[in-house]
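Have a look at the structure below before the remarks.
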Amino acid sequence: MIDLALGVLMLVAATMASAQPVEAHLIVTQDPAGPRIEPTVYGHFVEHAGTGVYGGLWVGPESNIPNTRGWRNDVVQALKRVGVPVMRWPGGCFADDYDWRDGIGDPAQRPVRRNRWWGGLESNRVGTHEFMDFAEQLGSEVYLSGNMGSMPPRAAAQWLDYMTADDTSALAQERRRNGRDKPWNVKYFGVGNESFGCGGNMSPEHQADVHNQYATFLWSTTRVASGDGEGDDNRVEVLMKRSAKQMDALTLHYYSVPDNWTKHGDATGFDAGAWARTLKAALGIEQRITALSTIMDKHDPAKRVALYIDEWGTWYDTPAGASSLWQQNSLRDALVAAVSFNVFHAHTDRVKMANIAQMVNVLQAMALTDGPRMVLTPTYHAFDLYRPFKGATPLKATLRAPAFSTGDVELPTVQVSAARAADGKLVLALVNLHPDRPARVTTNLTGAAKGQVLTAAAMDAHNTFQQPQAVVPAPFSAKPGSQGLVLELPPKSIVVVGMQAMH
Ligand code: AHR
């Protein structure tokens, strides 16, 4: 580990010697820029797709792969380290074709169904009891994604009763017979998923009415309406107008794709153009958040209804032979995560939850597995670096940094987020988006800064089972000089530092 950190530092020094740094200036003030960063902004999404559940998270209690009641110990341990505040389950598109009754009772008696959206067969071996055990192992809140597309409202209401009733009603008794005495806490309940598409292809007006009908029967939980995922402001307008009273949150789905939805682009082996297009797409989430917030402000000026970005991340082409939605994860993905976090921090008045898609082996994953092997991705390390931001209060930070162009794509060289952490420390996250040039960031700060840097020599550097530490954080520190604190950022890097004194 120490050798590796040294290697990264040598690489940083070598690159910085060869290219002129971009000059930037940062001013951080004590003024809060919004309410606190909810830890749930660092949430996750688990869908029954590919090897996202079976193999990636669940191996079954009889497996030789070390597990606790079926859940992989290696993955659970890694996830516990970064902390999982909330998990959305069981989909995605899968959720609107899911009958919760298929996943309770004797596993041997559970029906095998076709996985309509992601292919293969669904054994239902992982159902409500198993998933809630996983959540308890992680210490995570749960966000259940209810079926509004193909089941009646009574099914959703009964699922909630089955899980949360603490009386002698038939559903609570059935849960007890199935091995769980104490009710579970279901903090969040999704009323459908992508109702504009795989959740039923509903018009906005129809969705709003159906939403109201379902939400009427869902009590004692945060009712989450499926919102936008295709750049449709009108749907958000209609939902806010007709259904705001029947929801506590509305969702945005946002995927960053380098090319287009027919040919997404490759996860590795890409050029500087694809690097720039992916990061440009990732930064574009801010426009959608602003657009949705503007509509929400009009109908809900008190900001009672939260905005949940309950699916976000990169989406590349699945390599031939890989399981559904599998993709490699490189340094580029870590930067996508970091710039997204920085955007979320700038919109804490509405953005109260975000769930990266998805946890393991699917899209922008935290870990990849193959049989007994597991490797942590650069995205995992980005989550690790940003831990001090959970629960922190964002501060006003003004950055003067030049833009740079790759073809016709223009990007800011540096992007930043500053916050006052729960322990009173100032935390700074800086992303250098330039693939080749370091950045020298002068600041109005006078304290010493200490933290970590995530970078690598290649844009598509990634961890493999053979080389699990190709992209790992290294220590980073900077001492104030006569000009105040100056932060030297390597090309294509994320730096997160904490400091005691501010000015
Ligand atoms: O995350 C993969 C899929 O993307 C989800 O199932 C769906 O909601 C979205 O289109």
Side-chain angles (χ1 to χ4, degrees), residues 43-54 56-57 86-98 113-120 122 126 131 143-151 188-202 207 211 224-232 235-236 239 249-258 260-262 264-265 267 281-282 285 288 292 307-319 322-329 333 336-337 340 353-368 377 379:
H44 295 265
F45 170 37
V46 177
E47 179 165 21
H48 288 236
T51 48
V53 173
Y54 302 106
L57 292 168
V86 64
M87 275 187 296
R88 178 172 181 251
W89 176 84
C93 295
F94 180 83
D96 272 303
D97 193 36
Y98 180 65
R113 306 267 184 216
R114 299 177 72 184
N115 187 328
R116 198 174 298 279
W117 295 105
W118 308 119
E122 168 58 52
V126 169
F131 182 73
Y143 169 10
L144 296 185
S145 202
N147 181 340
M148 183 173 89
S150 65
M151 296 281 289
Y188 310 94
F189 198 93
V191 190
N193 168 75
E194 298 199 348
S195 305
F196 53 82
C198 65
N201 280 306
M202 301 179 197
Q207 187 202 334
H211 171 91
V224 187
S226 162
D228 176 47
E230 48 179 16
D232 181 3
R235 181 173 298 270
V236 177
L239 285 167
L250 181 77
T251 69
L252 168 65
H253 287 183
Y254 190 91
Y255 286 100
S256 300
V257 175
N260 56 57
W261 284 101
T262 313
H264 298 218
I285 198 170
R288 291 310 299 147
L292 266 60
L307 179 60
Y308 292 170
I309 303 155
D310 63 354
E311 289 186 27
W312 69 271
T314 53
W315 194 324
Y316 309 120
D317 293 321
T318 309
S323 54
S324 197
L325 301 184
W326 186 94
Q327 63 189 35
Q328 188 48 268
N329 191 294
D333 295 273
V336 165
S340 305
M353 188 193 291
N355 310 73
I356 191 163
Q358 298 189 8
M359 197 175 247
V360 175
N361 290 342
V362 171
L363 300 179
Q364 191 175 346
M366 306 286 284
L368 302 173
T377 65
T379 297

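Just follow the structure's listing: the first ligand is 1, and inside any ligand the first atom is 1. When reading the values below, keep in mind they use all heavy atoms of this one structure, side chains included, and skip hydrogens, waters and symmetry mates.
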- Query: What pairs with Y54 under side-chain contact (heavy atoms from CB on, under 4.5 Å), at least two apart in sequence or on another chain?
  - Reply: H48, W58, E122, S123, R125, V126

- Query: At a 4.0 Å threshold, what atoms of ligand 1 neighbour a non-hydrogen atom of F45?
  - Reply: 1 (O)

- Note on the structure: By side-chain contact (heavy atoms from CB on, under 4.5 Å), A365 pairs with (sequence neighbours left out) L368

- Check: R88 and M353 side chains under 4.5 Å, non-hydrogen atoms: no

- Distance from atom 1 (O) of ligand 1 to nearest protein heavy atom, with residue and atom: Y255 OH, 2.7 Å

- Task: With heavy atoms under 4.0 Å as the rule, classify the contact between F94 and ligand 1 as side chain, backbone, both or neither.
- Result: neither

- Query: Is W312 touching ligand 1 with its side chain, its backbone, both, or neither, if touching means heavy atoms under 4.0 Å apart?
  - Reply: neither

- Residue, atom name and distance, where the atom is the protein heavy atom closest to atom 7 (C) of ligand 1: E311 OE1, 3.3 Å

- Query: Looking just at side-chain N and O atoms, do N355 and Y143 make a donor-acceptor pair shorter than 3.5 Å?
  - Reply: no

- Note on the structure: When F131, Y188, F189 are each screened for ring-ring contact (aromatic ring centres under 6.0 Å, His included) with W89, the one that passes is F131

- Message: When you measure from the side chain of Q327 to the backbone of Y316, do you find a donor-acceptor pair of N or O atoms at a distance under 3.5 Å?
- Response: yes

- Task: Give the atoms of ligand 1, by number and element, whose distance to some non-hydrogen atom of Q358 is under 4.0 Å.
- Result: 1 (O), 2 (C)

- Heavy-atom contacts with L363 under 4.0 Å: which atoms of ligand 1 show up? List them by number with element. 1 (O), 2 (C)

- Item | H253 and D228 side chains, donor-acceptor separation under 3.5 Å | no

- Just by distance, with hydrogens left out, do E47 and W118 show a side-chain donor and acceptor under 3.5 Å apart? yes

- Item | V362 contact mode with ligand 1 (heavy-atom cut-off under 4.0 Å) | neither

- Message: For W315, state whether at least one heavy atom is located under 4.0 Å from any atom of ligand 1.
- Response: yes

- Subset of ligand 1 atoms that lie under 4.0 Å from at least one heavy atom of N193: 8 (O)

- Of all the heavy-atom pairs spanning S195 and S226, show the shortest one and how long it is. N-OG, 3.3 Å

- Task: Quick one: look at W117 and ligand 1, take heavy-atom pairs under 4.0 Å, and tell me if it's side chain, backbone, both or neither.
- Result: neither

- Contact (N/O only, under 3.5 Å) between C93 and ligand 1: yes

- Protein heavy atom at shortest distance from atom 10 (O) of ligand 1: E194 OE1, 2.8 Å

